Trainee: 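Encoded as structure tokens, here's the structure I'll be asking about.
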Amino acid sequence: MSFQEALYHPLLYTLVGMVILWVLGLSIWFAQSSYRYALKLGFTKTQLKKVITSSAITSIVPSLAVMLGLFALAGVLGNAWPWLRLSVIGSVTYELLAAELTATSMGVGFSELSSIGLSGLINVMFVMTTGIASGLVILMLFGKKIQTRVRLAAAKTHSFGTVALECFMVALVVTFLPAFWTLSWVHFLVFLTSITITISLGLLMQRFKLKWLKDFILAFALLGGMASSLLWHTILEVLR
Amino acid sequence: MNYNDRMHFVGRLGIGITLVLLFMVPVVYGLYLGAMPTLGQFLAALFAVAIIFVPIGIAETLSFTPILGNASYITFITGNIMNLKLPIAQNAQVLMETDKGSEESDAITTLAISVSAIVTVLMMSLGVLLLEPLRPIMTSSAVQTASEYVLPALFGALVIGLLKGTGQVVVKGKMKAGLMPFIVILIVNLFIINTSPVSGLLLLVVIPITILTAKKLYSKGHITIEIKEKDTQS
């Protein structure tokens with residue numbers, strides 16, 4: 001069997017499909033359980049519908065970016081394997097880099113992967129899976145312990161634990177923001193556009209009492225911010 | 001078994017089964033093709049990937065689990081954390097105005113992330129089915145350019161909520177705790193190197209620094225906790 005035939009073999013699709021169905025089932029279970037528990041905690045069905053709608057709509061645009069990763073990987077690794085890697089554990093940035101690093105360590109460029117033969121292909125699958133599994137193993141071993149401590153900290157409203165919990169978010173902002181801002185002018189301007197849209201829509205919502213808008217602010221700001229990158233690119237090109 | 005114990009049990013079992021299924025793919029397919037790599041080939045290739053991604057994987061788990069609560073299980077199983085799941089979690093917490101670490105926040109975050117995971121899996125499946133018809137659109141320069149900016153656009157949309165906090169418990173002055181690491185990271189990014197590829201690892205350093213600084217500021221009264229009245233109209 002050739003490398004290309006192996007990439008599109010029905011058995012590979014069947015194996016990948018089984019894993020994806022399992023993960024889909026697990027996601028549905030988590031959604032159902034948390035929905036029922038949220039009702040018990042006093043949330044109304046209308047409130048939960050808001051959460052579901054907003055989360056679903058907001059997920060569409062970033063998922064399109066993940067789909068682009070699928071297109072990038074599919075040219076070399078076929079459809080089935082990238083479909084699995086980008087649906088389970090993986091992320092666009094990780095999978096593209098992992099595929100490239102694996103190819104390089106096997107002595108070929110990413111676009112030349114087809115020259116490594118079938119055992120090379122299976123090796124790529126093993127390496128890409130093993131490399132990303134560390135986080136899951138840690139979560140399996142220590143997830144409950146970490147969360148029990150978080151619960152205890154959050155329960156004491158007027159204690160430093162509450163502040164410490166907020167610090168995780170502060171740390172996230174201060175770690176990631178400078179890295180985005182300084183990547184390029186367009187990155188910085190997209191960030192500013194997105195924040196401007198968020199503030200403007202928030203004001204609009206308050207001024208005209210458009211409560212429904214609250215569910216869509218993130219989606220609009222995300223879409224507007226990304227679309228503005230085309231404008232910023234053009235403006236910066238003209239200025240150069 | 002109560003809700004929390006059930007979540008932990010299914011979460012851990014879910015991770016175990018997912019890992020077995022993931023490794024089943026190359027094992028079964030390798031045996032079918034009669035093309036299993038040798039241990040030497042595997043370890044040589046793994047080294048280059050593991051040296052970068054194992055520390056990042058561990059760092060991300062330790063950093064994000066306190067934020068995500070029980071949703072961590074489904075988040076890490078389905079991946080795409082920074083570019084999708086974390087913003088979705090924050091958005092849901094802002095929408096429902098829940099306090100971090102509370103049971104309400106946990107349930108809402110888990111619901112939001114599970115829905116997001118379902119949407120992403122379905123969209124990826126659709127993408128595979130429609131790979132050829134979608135190729136001209138997905139590979140157009142406009143879509144490719146715009147998709148490079150998902151993260152700054154997401155952060156721009158979320159940063160206000162991140163800084164304001166979500167629930168009734170408001171921590172005033174918390175950003176002061178992050179000021180020093182922010183300035184240092186900004187300088188490093190401006191003049192030395194972009195830290196994006198190692199942001200996950202960097203978080204492991206920034207989180208304890210931020211918490212220690214916050215502790216000092218909290219004890220001196222520069223960071224305070226206030227309880228705001230719940231907006232009954234929202």
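Predicted, not measured: the structure shown is a model, and the values here were computed from it. Order of the sequence lines fixes the chain letters, A, B, ..., with proteins taken first and strands second; residue numbering starts at 1 for each chain.
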Trainee: Tell me, for B:S125 versus chain A, whether the close heavy atoms (under 4.5 Å) come from the side chain, the backbone, both or neither.
Mentor: both
Trainee: Ignoring hydrogens and angles, tell me if any N or O in the side chain of A:S119 forms a donor-acceptor pair with the backbone of B:A35 under 3.5 Å.
Mentor: no
Trainee: For A:W181 together with B:F182, are the ring centres under 6.0 Å from each other?
Mentor: yes
Trainee: Just give me the residue among A:G42, A:G225, A:A56 that pairs up with chain B most often, heavy atom to heavy atom, under 4.5 Å.
Mentor: A:A56
Trainee: Heavy-atom distance under 4.5 Å to chain A: side chain of B:V184, backbone, both or neither?
Mentor: neither
Trainee: Please answer whether the main-chain N or O of A:G135 pairs with a side-chain N or O of B:T61 as donor and acceptor at a distance below 3.5 Å.
Mentor: yes
Trainee: Go through the atoms of B:I17 and report whether side chain, backbone, both or neither lie under 4.5 Å from a heavy atom of chain A.
Mentor: both
Trainee: Check for a donor-acceptor pair, side chain of A:Q147 on one end and backbone N or O of B:N70 on the other, with a separation under 3.5 Å.
Mentor: yes
Trainee: Counting only heavy atoms closer than 4.5 Å, note whether A:I28 contacts chain B via side chain, backbone, both or neither.
Mentor: both
Trainee: What part of A:L136 lies closer than 4.5 angstrom to a heavy atom of chain B: side chain, backbone, both or neither?
Mentor: both
Trainee: Measure distances from A:L177 to the heavy atoms of chain B and classify the residue's part below 4.5 Å as side chain, backbone, both or neither.
Mentor: side chain
Trainee: Tell me whether the count of non-hydrogen atoms from other residues, nucleotides or ligands lying under 6.0 Å of NZ in A:K40 goes above 12.
Mentor: no
Trainee: Which bit of A:I146 comes within less than 4.5 Å of chain B, counting heavy atoms only: side chain, backbone, both or neither?
Mentor: side chain
Trainee: Name the option with the most non-hydrogen atom pairs under 4.5 Å to chain B; the candidates are A:I132, A:I20, A:L183.
Mentor: A:L183
Trainee: Please classify the contact of A:S59 with chain B as side chain, backbone, both or neither, using a heavy-atom distance under 4.5 Å.
Mentor: both
Trainee: Tell me, do B:T65 and A:L139 make a side-chain contact under 4.5 Å, heavy atoms counted?
Mentor: yes
Trainee: If we only count heavy atoms from C-beta on, is the A:T198 to B:V159 side-chain gap below 4.5 Å?
Mentor: no
Trainee: Given heavy-atom pairs under 4.5 angstrom as the criterion, report whether the side chain, backbone, both or neither of A:F43 touches chain B.
Mentor: side chain
Trainee: Within the 4.5 Å heavy-atom criterion, are A:H9 and B:Y29 side-chain neighbours or not?
Mentor: yes
Trainee: If we only count heavy atoms from C-beta on, is the A:I89 to B:F76 side-chain gap below 4.5 Å?
Mentor: no
Trainee: Can you find a pair of side-chain heavy atoms, one from B:M36 and one from A:F126, that are under 4.5 Å apart?
Mentor: yes
Trainee: Less than 4.5 Å apart, side chain to side chain, heavy atoms only: is that true for A:M226 and B:E148?
Mentor: no
Trainee: Heavy-atom distance under 4.5 Å to chain A: side chain of B:F64, backbone, both or neither?
Mentor: side chain
Trainee: For A:L48, is it the side chain, the backbone, both or neither that has a heavy atom under 4.5 Å from a heavy atom of chain B?
Mentor: both
Trainee: So how far is it from A:I122 CD1 to B:Q41 CD, rounded to the nearest 0.5 Å?
Mentor: 11.5 Å
Trainee: Please state whether the side chain, the backbone, both or neither of A:L172 comes within less than 4.5 Å of a heavy atom of chain B.
Mentor: both
Trainee: Which bit of B:I223 is near chain A, if near means a heavy-atom gap under 4.5 Å: side chain, backbone, both or neither?
Mentor: side chain
Trainee: Do you know which of B:V128, B:T213, B:T195 has the most heavy-atom pairs with chain A at a distance under 4.5 angstrom?
Mentor: B:V128
Trainee: Given A:M169 and B:K174, is the side-chain contact (heavy atoms from CB on, under 4.5 Å) satisfied, shown in steps?
Mentor: CA-CA 10 Å; A:M169 275 301 184; B:K174 63 185 173 187; 5.9 Å; no
Trainee: Is it true that a side-chain atom of A:N123 and a backbone atom of B:P37 form a donor plus acceptor pair closer than 3.5 Å?
Mentor: no
Trainee: Can you say whether A:H233 sits under 4.5 Å from chain B via the side chain, the backbone, both, or neither, judging by heavy atoms?
Mentor: side chain
Trainee: Say whether, by atom type as modelled, one donor and one acceptor occur between the side chain of A:E166 and the main chain of B:V171 under 3.5 angstrom.
Mentor: no
Trainee: Flag the one option from B:L111, B:V206, B:L21, B:T210 with the top tally of heavy-atom pairs under 4.5 Å to chain A.
Mentor: B:L111
Trainee: Determine the minimum heavy-atom distance between A:S194 and B:G156, stating which atoms define it.
Mentor: OG-C, 3.5 Å
Trainee: In terms of heavy-atom contacts, does CE of A:M18 have more than 12 from other residues, nucleotides or ligands at under 6.0 Å?
Mentor: no
Trainee: Does any backbone or side-chain atom of A:A80 lie under 4.5 Å from a heavy atom of chain B? Answer side chain, backbone, both or neither.
Mentor: neither
Trainee: Apply side-chain contact (heavy atoms from CB on, under 4.5 Å) to the pair A:S87 and B:T120, showing each step before the final yes or no.
Mentor: CA-CA 7 Å; A:S87 303; B:T120 310; over 6 Å; no
Trainee: Mind ranking B:P26, B:G14, B:A71 by heavy-atom pairs under 4.5 Å with chain A and telling me who comes out on top?
Mentor: B:P26
Trainee: Sort B:D5 into side chain, backbone, both or neither according to what part of it lies under 4.5 angstrom from a heavy atom of chain A.
Mentor: side chain
Trainee: Counting heavy-atom pairs under 4.5 Å with chain A, which one of B:L202, B:V119, B:I211 comes out on top?
Mentor: B:I211
Trainee: Side chain, backbone, both or neither: which part of B:L46 has a non-hydrogen atom closer than 4.5 Å to chain A?
Mentor: both
Trainee: Checking heavy atoms, do the side chain of A:R85, its backbone, both or neither come under 4.5 Å from chain B?
Mentor: side chain
Trainee: Less than 4.5 Å to any heavy atom of chain A: does that hold for the side chain of B:I113, its backbone, both, or neither?
Mentor: neither
Trainee: Are A:S34 and B:T110 linked by a side-chain donor-acceptor pair shorter than 3.5 Å?
Mentor: no
Trainee: Who among B:A112, B:S219, B:P87, B:A50 has the most heavy-atom pairs with chain A under 4.5 Å?
Mentor: B:A112
Trainee: Do the rings of B:Y3 and A:Y37 sit parallel, tilted or perpendicular, given the 30° and 60° boundaries?
Mentor: parallel
Trainee: Under 6.0 Å between the ring centres of B:F155 and A:F191?
Mentor: no
Trainee: Could you look at A:L201 and say if it's the side chain, the backbone, both or neither that has a heavy atom under 4.5 Å from chain B?
Mentor: neither
Trainee: For A:K50 and B:L95, work out which heavy atoms get closest and say how close.
Mentor: O-CD1, 4.3 Å
Trainee: Counting C-beta onward and ignoring hydrogens, is there a side-chain heavy-atom pair between B:I74 and A:W29 closer than 4.5 Å?
Mentor: no
Trainee: Would you mind checking which part of A:V186 comes under 4.5 Å of any heavy atom in chain B, side chain (CB onward), backbone (N, CA, C, O), both or neither?
Mentor: both
Trainee: Go through B:L84 and A:T58 one step at a time and tell me if the side-chain contact (heavy atoms from CB on, under 4.5 Å) criterion holds.
Mentor: CA-CA 9 Å; B:L84 184 57; A:T58 312; over 6 Å; no
Trainee: Tell me whether B:F42 at atom CZ has more than 12 heavy atoms from other residues, nucleotides or ligands lying less than 6.0 Å away.
Mentor: yes
Trainee: Tell me, side chain or backbone of B:A45 under 4.5 Å from chain A's heavy atoms, or both, or neither?
Mentor: both
Trainee: Go through the atoms of A:M1 and report whether side chain, backbone, both or neither lie under 4.5 Å from a heavy atom of chain B.
Mentor: side chain
Trainee: Scan side-chain atoms only and decide if B:N91 and A:S55 contain a donor-acceptor pair under the 3.5 Å cut-off.
Mentor: no
Trainee: Pick one of side chain, backbone, both or neither for B:E60, based on which atoms fall under 4.5 Å of a heavy atom in chain A.
Mentor: neither
Trainee: Let's go through B:L186 and A:T182 carefully: what are the C-alpha distance in whole Å and the side-chain angles of both, what is the deciding distance for side-chain contact (heavy atoms from CB on, under 4.5 Å) to 0.1 Å, and is it a yes or a no?
Mentor: CA-CA 8 Å; B:L186 186 62; A:T182 52; 4.2 Å; yes
Trainee: Only pairs of heavy atoms separated by less than 4.5 Å count here; which of B:I77, B:V205, B:T145, B:V121 has the most with chain A?
Mentor: B:I77
Trainee: Just how far is it from atom CG of B:L131 to atom CH2 of A:W83, taken to the nearest 0.5 Å?
Mentor: 12.0 Å
